[in-house]
Amino acid sequence: MSPFQISWKNIWSKPLNAALNILLIAFGTGILTVLLLASTQIEDKLAKNSKDIDLVVGAKGSPLQLILSSIYYIDFPTGNIPMNEAKKLMRNPFVKRAVPLALGDNYNGVRIVGTDSNYISLYGLKLQNGNFWKADLEATIGANVAKEQNLKVGDTFFGGHGLTEMKDEHKDHAYKVVGILEPQQNVTDNLILTAIGSVWKMHEEEVFPHADDTELIKSHKNGTPYHGEKTEADHSHDEDREFTSLLIQYRSPMAVAMFPQMVNQTTNMQAASPAQESTRLFSLIGVGVDTLQWFAVLIMLIAAISVFVNLYNSLKERSYDLAIMRTLGASKGKLFSLIILEGLILTLIGTIIGIALGHGILQLISNYQESSQAKMNGLIFIKEEFYLLAAGLAIGIVAAVIPAVQAYRSNISKILAKN
Amino acid sequence: MISIQSVSHQYTSGHQLQFADWQVNNGEQWLLLGQSGSGKTTLLHILTGLLTPTHGKVKIGDTDLYSLSSKKLDAFRGQQIGIVFQKPHLIKSLNITENLLLAQSFAGLPNNKKRVEEVLDSLNMLPKKNAYPQELSQGQLQRVTIARAVINKPTLLIADEPTSSLDDKNAEAVLALLKEQSTLNQATLVVATHDKRVKDAFTLTYTLS
């Protein structure tokens, strides 16, 4: 009989107590695991996707919304900006590289992004198959899009109006897949990239690509005269062309202080810094994360107390057992280690179940996540989880140490004489 | 085998017990007689290394018991002394075989299932080898505690009031088993009791006043 067998058998001689302790620890560890994994993955995603983008310029509105829509492709765009104004900014000496974006369409929920070749160098895109888009209506698709939508080079598809659902398809113009990207591990895996002209062409009757807009869709459907008039205007003119936003890379660090201010004060557009907005977003989420974290720590604390009470109470019942073990030749140190081992076994099982639970929950959440951009993965393990395991073991030892010391100190002669 | 010299013990309450010197030879079977409260249990605990006497010397074989370190004393007890208590007490979470294997492990001896079965068989308990303690009757439990006491072939077998909670028939049977097992395992036997039914079975008696 090894000490492990003895402790193991004793734990399971009271299955309900053992299960309660394990459940508490698993619950606490589970919440901590989910928080740890989710915040690591979100932070990682945020950082990866905004890596080389210093500034986003778009229509006035919420700066966070602008960042979310133009870098993470999550929220709706704030509106559109006139191409002429945007072009002026693109020529500004502070700007090293400016990438125009035209959003507003989707294919089965995958966002179609109209842009130019600067986008390729900005994200360092590589092809797995085929070519980058050149002409209008040519599309290069992300690796995930190819897999999930079952698209190959040479396939054609129709874009739909809006950002999430396939309603109001643009049946007049079909996109043709000319290339598939290598997996980039960032947002471009889930995008369809095309020339800006394609997006304009889709909306020729409306002239500009637009972001949202149930209102526009409605009016479009109803054939409101407003749009009619606009259509009549010569849409090949640059003055009428619009972008959704501009992604900007600075030429020098000096620009950080000057450029955004200039945009915000002298133009009708707004500039938003991804770094600032991500930090702001995280501080907003952070309150919730902190609260949950304390909640989980509290549960762990309760679990530790529960393990302690359990061992302590059973020690009273077992004092005679332990005395008998001493008469059979077990040393004081052996009894001490038996009790510690029981604490360790309980918390170790609880922690392992908790970590598995955390991964399972995250995977379940990701299955229900609609936005493919912020999709989390429950199958990724990170080294911080070892800290959780270590914390679980530490709780086991701490909870067991007082009962173990008592077992070590017990006066067997007295216990045996009493019974 | 056993020798105690000028042993006395003072309780924390101040009450003091003095024990007459005692010499037990190898293989002898002794009765330790005394009324309850006369210090039988105290003497047995002193003999088995569970309670350090205030004064005096206790030798088991060639070993001076209280010159050993606590850990060595525990190991010595596990290997050399088998103890049967008044109430049969087994570890509830383990079955009969495991309880006996436990005694081997704690004594620092390798697990020997053959020896376990041999001992259980000699006590007619082999059919119950996979039963748990709560499934057994008092009499059966007492047999298993005897099995546990002799499993490591101790040189000294000590029983503390082994018959007091048993009826005449069972008391007689247990006593016979103890004598039989001590002979079988070549162990010296000391039975402490105030039970008059036991008296006639022994010729050697150490009486506490």
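Given the structure is predicted, the values throughout are model-derived calculations rather than measurements. Proteins come first, then strands; the chains are lettered A, B, ... in the order of their sequence lines, and each starts at number 1.
Note on B/Ile83, B/Thr41, B/Thr42, B/Leu50: by heavy-atom pairs under 4.5 Å with chain A, the leading option is B/Leu50.
Within the cation-pi definition used here (under 6.0 Å to the ring centroid, within 45° of the axis), B/Lys179 qualifies as a partner of B/Phe202.
Using a 4.5 Å heavy-atom cut-off against chain A, the contacting residues of residues 74-81 of chain B are B/Asp74, B/Ala75, B/Arg77, B/Gly78. Taking non-hydrogen atoms and a 4.5 Å limit, the residue list of residues 8-28 of chain A in contact with chain B, ordered by number, reads A/Lys9, A/Asn10, A/Ser13. Identified by a heavy-atom distance below 4.5 Å to chain A, the contributing residues of residues 91-121 of chain B are B/Ile91, B/Lys92, B/Ser93, B/Leu94, B/Glu98, B/Leu101, B/Leu102, B/Ala103, B/Ser105, B/Phe106, B/Ala107, B/Asn111, in residue-number order. Below 4.5 Å, heavy atoms of chain B meet heavy atoms from A/Asp321, A/Ile324, A/Met325, A/Arg326, A/Thr327, A/Leu328, A/Gly329, A/Ala330, A/Ser331, A/Lys332, A/Lys334, A/Leu338, all part of residues 321-355 of chain A.
Within a 6.0 Å sphere centred on NZ of B/Lys40, other residues, nucleotides and ligands contribute more than 12 heavy atoms. Residue A/Phe386 qualifies as open at atom CZ: its count of foreign heavy atoms under 6.0 Å is 12 or below. For A/Tyr387, the OH atom is loosely surrounded, since the number of other residues' heavy atoms within 6.0 Å does not exceed 12.
Under the 3.5 Å distance criterion, with hydrogens and angles disregarded, a donor-acceptor pair is assigned to the side chains of B/Ser122 and B/Gln181. When only modelled atom types and interatomic distance are considered, B/Gln86 and B/Ser164 share a side-chain donor-acceptor pair under 3.5 Å. For the residue pair B/His194/B/Glu161, the side-chain donor-acceptor check at 3.5 Å is satisfied. Using modelled atom types and a 3.5 Å distance limit, the side chains of B/Gln5 and B/His55 yield no donor-acceptor pair. No side-chain donor from either of A/Thr40 and A/Glu384 sits under 3.5 Å from a side-chain acceptor of the other. Side-chain contact annotation: B/Ser38 with B/Gln35, donor-acceptor N/O pair under 3.5 Å absent.
The main-chain N or O of B/Arg197 is found under 3.5 Å from a side-chain atom of B/Asp195 such that the two form a donor-acceptor pair. Here the side chain of B/Asp21 pairs a donor or acceptor atom with the backbone of B/Ser6 at under 3.5 angstrom. Here the side chain of A/Glu317 pairs no donor or acceptor atom with the backbone of A/Ser314 at under 3.5 angstrom. The backbone N or O of B/Pro154 lies less than 3.5 Å from no partner atom in the side chain of B/Asn152, so there is not a single donor-acceptor pair.
Taking 4.5 Å as the limit, every side-chain heavy atom of B/Trp30 sits out of range of all side-chain heavy atoms of B/Ile2.
A pairwise comparison of heavy atoms in B/Gly49 and B/Leu73 identifies O-CD2, 3.3 Å as the closest pair.
For a residue to count as touching a neighbouring chain, one of its non-hydrogen atoms must lie under 4.5 Å from one of that chain's; by this rule B/Leu90 touches chain A with the backbone only.
Proximity of the aromatic rings of B/His9 and B/Phe19 is defined here by a centroid distance below 6.0 angstrom, and this criterion is not met.
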